[in-house]
> 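Please see the structure below; I have some questions.
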Amino acid sequence: METISAIRGFKDILPAEAGQWLFVEEQARRVFHAFGFRDIRIPILEKTELFARGIGESTDIVEKEMYTFTDRGDESLTLRPEATASILRAYIEHALYATDPVARLYTIGPMFRRERPQKGRYRQFYQIDAEILGLDDPRVDAELILMLTHFLKAVGLTNPHVEINSLGCPVCRPGFRSAVVAHLQGREEELCGDCRRRIDTNPLRVFDCKIESCRAAVEHAPRLADFLCDACRVHFGTVQESLGLFCVPFSINDRMVRGLDYYTRTTFEVTTDVLGAQNAVVGGGRYDGLVQQLGGPDIPGIGFAIGFERLVSLMPRVAEDFRRTPALFIAALGAEAQKIAFELANRLRLNNVEVEMDYAGKSLKSQMKRADKLGCRYALIIGDREIAEKSGVFRDLRNSTQTPVGLDLASITGKMEALQRGVEDLV
RNA sequence: GUGGGUGUAGCUCAAUUGGUUAGAGUGCCGGGUUGUGGCCCCGGAGGUUGAGGGUUCAAUUCCCUUCACUCACCCCA
């Protein structure tokens, strides 16, 4: 039979790696819960129109990177490229704003992009996503960033650095935008094809272009900071003050415009000293008009998305550090011992003790080998002698010492606990 | 979507100008110890050399096609 492999750009997270992933998720949930966030589970498939409207028609995501297909009902569906649009859809659809004016929501799960896979960039990738809806207070922006950096430190990132910017609001951004367009229109021949097109579609994106001539062309372009209206200026100031209160290290990057259309006011990215400044682990920002744009009431929002794989790759503790090892291996010799081992192993498991045993009737040597390979701290050896004496051999594989132990749950768990406390057993 | 690189054992890799039974390390299984792991020693299993076609007396090696993986570009939610 021909074997079947995973499809292009999709990848298995095997147990050897999954322990590290679990750790990251646990830390996220712990920290986020403390900050009042609640888990929300949203579908991974949505109507294409949701993303077209939510993310912006002229973004690269919507233009060419979405995992879109037509289902049998002739409806265009898309595997979600990000979580924000889906969360807002659910928020609006269930009128969560009617229950509580403030919603803090997070979700952890797979996102999809239809790109050619490369290093660390698969078609299915994972994000940790958090959104706050119903608050436009700038202190909330700072609070969200504080939570984010706190989480990043919890998983061991040494030097998370936050870059922030303000993109203005519908009052002041149009002025900036037209100033940028005016600036660019005089320099069209210096721009690459994409950027020339962007003048009409998404002029601010030109700031993100890596091509040298484009960078030069925007070198003396108008500065966003000079166009912010009073309200936005005050807002941005309070964000900075609030971050300072908790000594969150940040810098202002007024060229950071982010790839999505919906952002307003505060935007931010997190980089680390491991990757250099060009690769962000987290991107986020405020999107005060988005809920309304998706057909909901005029409710402000702010959120971020953490790239899971990238975060994992930046952690100082590697996958091996999160290996799960059974606490006890039960080695049995002979049919009678196997019976006892089987019952003991599963009764211990029912009591939440991680136990492994051999079912194949292998030699004691090979069972001990396996116990060692699995990283078991203790082994319980049961053979005819032990059955006759009603007392098993309890071996500490780390110290290579062994003592007798009763063949009952209480004796075994008591022995393990005593040894873990470092108490020498008296028997 | 564009360009480069690579496909040989579960994994990491060898194999002379094309040459006869395709090797090593590691992992796996077993033995060296009548019932004791790690270190060491010995043995064993495990391959359609990605697939298909071509050239040749002979192809892992050369050519073509295809698929996969991979790196980079583009872009990055």
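Every heavy atom of this structure was used, including side-chain atoms; hydrogens, water molecules and symmetry mates were not. Throughout, protein chains are lettered first and strands after them, A, B, ... in sequence-line order, and every chain is numbered starting at 1.
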> Stem list for RNA chain B, please, built from Watson-Crick and G-U wobble pairs under 3.5 Å and keeping only runs of at least 3.
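Correct response: B:1-7 with B:67-73, B:10-13 with B:23-26, B:28-32 with B:40-44, B:50-54 with B:62-66.
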
> Verify whether one side chain among A:Lys153 and A:Thr158 offers a donor that lies under 3.5 Å from an acceptor in the other.
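There is no such pair (donor and acceptor under 3.5 Å, judged by atom type) between the side chains of A:Lys153 and A:Thr158.
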
> Taking atom types as modelled, is there a side-chain donor on A:Thr266 or A:Ser166 under 3.5 Å from an acceptor on the other?
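Absent: no donor and acceptor within the cut-off.
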
> Using a 4.0 Å heavy-atom cut-off, write out nucleotides 30-35 of chain B from 5' to 3' as B (base contacted by protein), S (sugar-phosphate only) or - (no contact).
SSB--B

> What's the gap between B:G50 and B:A22 when it is taken at their P atoms, as a whole Å value?
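To the nearest whole Å, 15 Å.
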
> Expressed in angstrom and rounded to an integer, what is the separation of A:Arg310 atom CZ from B:C75 atom P?
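Rounded to the whole Å, the gap is 15 Å.
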
> Looking at B:U36, does its base get a donor-acceptor pair with the side chain of A:Gln367 below 3.5 Å?
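Result: no qualifying N/O pair found.
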
> For the C1' atoms, the ones on B:U20 and on B:U34, what distance do you get once it is rounded to whole angstrom?
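Going atom to atom, C1' in each nucleotide, I get 48 Å.
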
> With no hydrogens and no angle check, do the side chains of A:Glu131 and A:Thr84 hold a donor and an acceptor under 3.5 Å apart?
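The criterion, which ignores hydrogens and geometry beyond distance, is satisfied for A:Thr84 and A:Glu131.
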
> Got a sec, which residues hit side chain to side chain donor-acceptor pair (under 3.5 Å) with A:Arg80, two or more places apart in sequence or on another chain?
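With sequence neighbours excluded, A:Arg80 shows a side chain to side chain donor-acceptor pair (under 3.5 Å) to no residue whatsoever.
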
> Taking donor-acceptor contacts at under 3.5 Å, does the side chain of A:Arg395 reach the base of B:G37?
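Indeed, a donor on one side and an acceptor on the other fall under 3.5 Å apart.
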
> So, is A:Arg113 near the phosphate of B:C75, with a side-chain N or O under 4.0 Å from OP1 or OP2?
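Answer is no, no contact under 4.0 Å.
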
> Both A:Asp129 and A:Ala6 contact RNA chain B. Taking the nearest nucleotide for each, which residue is further toward the 5' end?
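Nearest nucleotide further toward 5': that of A:Ala6.
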
> With salt bridge (charged side-chain N to carboxylate O under 4.0 Å, His left out) as the test, pick out the partner of A:Arg286 among A:Asp137, A:Asp141, A:Asp136.
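Result: among A:Asp137, A:Asp141, A:Asp136, A:Asp141 is the only option passing the salt bridge (charged side-chain N to carboxylate O under 4.0 Å, His left out) with A:Arg286.
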
> A:Glu46 and A:Ser86: side-chain donor and acceptor closer than 3.5 Å?
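Yes, side-chain donor-acceptor contact under 3.5 Å.
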
> Figure out the CG/P separation between A:Leu328 and B:G37, and round it to whole Å.
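Rounded to whole Å, this separation is 17 Å.
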
> Taking the same atom, P, in B:U61 and in B:G19, what whole-Å distance lies between them?
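Taking atom P in both B:U61 and B:G19, they lie 10 Å apart.
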
> May I ask you to say what A:Tyr122 touches in the nucleic acid, namely base, sugar-phosphate or nothing, with a heavy-atom cut-off under 4.0 Å?
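Contact class for A:Tyr122: sugar-phosphate only.
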
> Could you tell me how far apart A:Asp358 (CG) and B:C29 (P) are, to the nearest whole angstrom?
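In whole Å, B:C29 P and A:Asp358 CG are 11 Å from each other.
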
> Less than 4.0 Å between a side-chain N and a carboxylate O, is that true for A:Glu17 and A:Lys11?
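Salt bridge: yes.
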
> Find the distance A:Arg116:CZ to B:C69:P and express it as a whole number of Å.
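To the nearest whole Å, that distance equals 10 Å.
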
> Taking atom C1' in both B:C71 and B:G54, compute the distance separating them and give it to the nearest angstrom.
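Here B:C71 and B:G54 have their C1' atoms 31 Å from each other.
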
> For the residue pair A:Phe32 and A:Phe37, categorise the inter-ring angle as parallel (less than 30°), tilted (30 to 60°) or perpendicular (more than 60°).
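Tilted, since the angle between the ring planes falls between 30° and 60°.
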
> For this output row, return yes or no: ring centroids of A:Phe329 and A:Tyr378 closer than 6.0 angstrom.
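They do not qualify: ring centres at least 6.0 Å apart.
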
> Could you give the CZ-to-C1' distance, from A:Arg8 to B:U70, as a whole number of Å?
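After rounding, the gap between these two atoms is 10 Å.
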
> Between A:Tyr287 and A:Arg265, is there a side-chain donor-acceptor contact under 3.5 Å, judged purely by atom types and distance?
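A:Tyr287 and A:Arg265 do not have a side-chain donor-acceptor pair below 3.5 Å.
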
> Give me the distance, rounded to whole Å, that separates B:A15 from B:C74 when you measure between the P atoms they each carry.
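That atom pair is separated by 36 Å.
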
> Hey, which of these two, A:Asp396 or A:Arg80, hits RNA chain B nearer its 5' end, going by closest nucleotide?
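Taking each residue's closest nucleotide, the earlier one in sequence belongs to A:Asp396.
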
> Could you work out the separation of B:A24 and B:U49 based on their C1' atoms and round it to a whole Å?
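Between the two C1' atoms, the distance is 16 Å.
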
> Take atom C1' in B:A9 and the same atom in B:A72, then report the distance between them in whole Å.
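Their C1' atoms lie roughly 31 Å apart.
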
> Please report, rounded to the nearest Å, how far the P atom of B:A77 is from the OH atom of A:Tyr287.
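After rounding, the reported distance stands at 15 Å.
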
> Do the ring centers of A:Trp21 and A:Phe322 come within less than 6.0 Å of each other?
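No, the ring of A:Trp21 stays outside the 6.0 Å limit from the ring of A:Phe322, centre to centre.
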
> What integer number of Å spans the C1' atoms of B:G18 and B:U60?
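Rounded to whole Å, the distance is 10 Å.
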
> Rounding to an integer number of Å, can you tell me how far A:Glu115 CD sits from B:C74 C1'?
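One finds 8 Å between C1' of B:C74 and CD of A:Glu115, rounded.
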
> Over how many whole Å does the gap from A:Arg123 atom CZ to B:A68 atom C1' extend?
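Atom-to-atom, A:Arg123 to B:A68, this comes out as 13 Å.
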
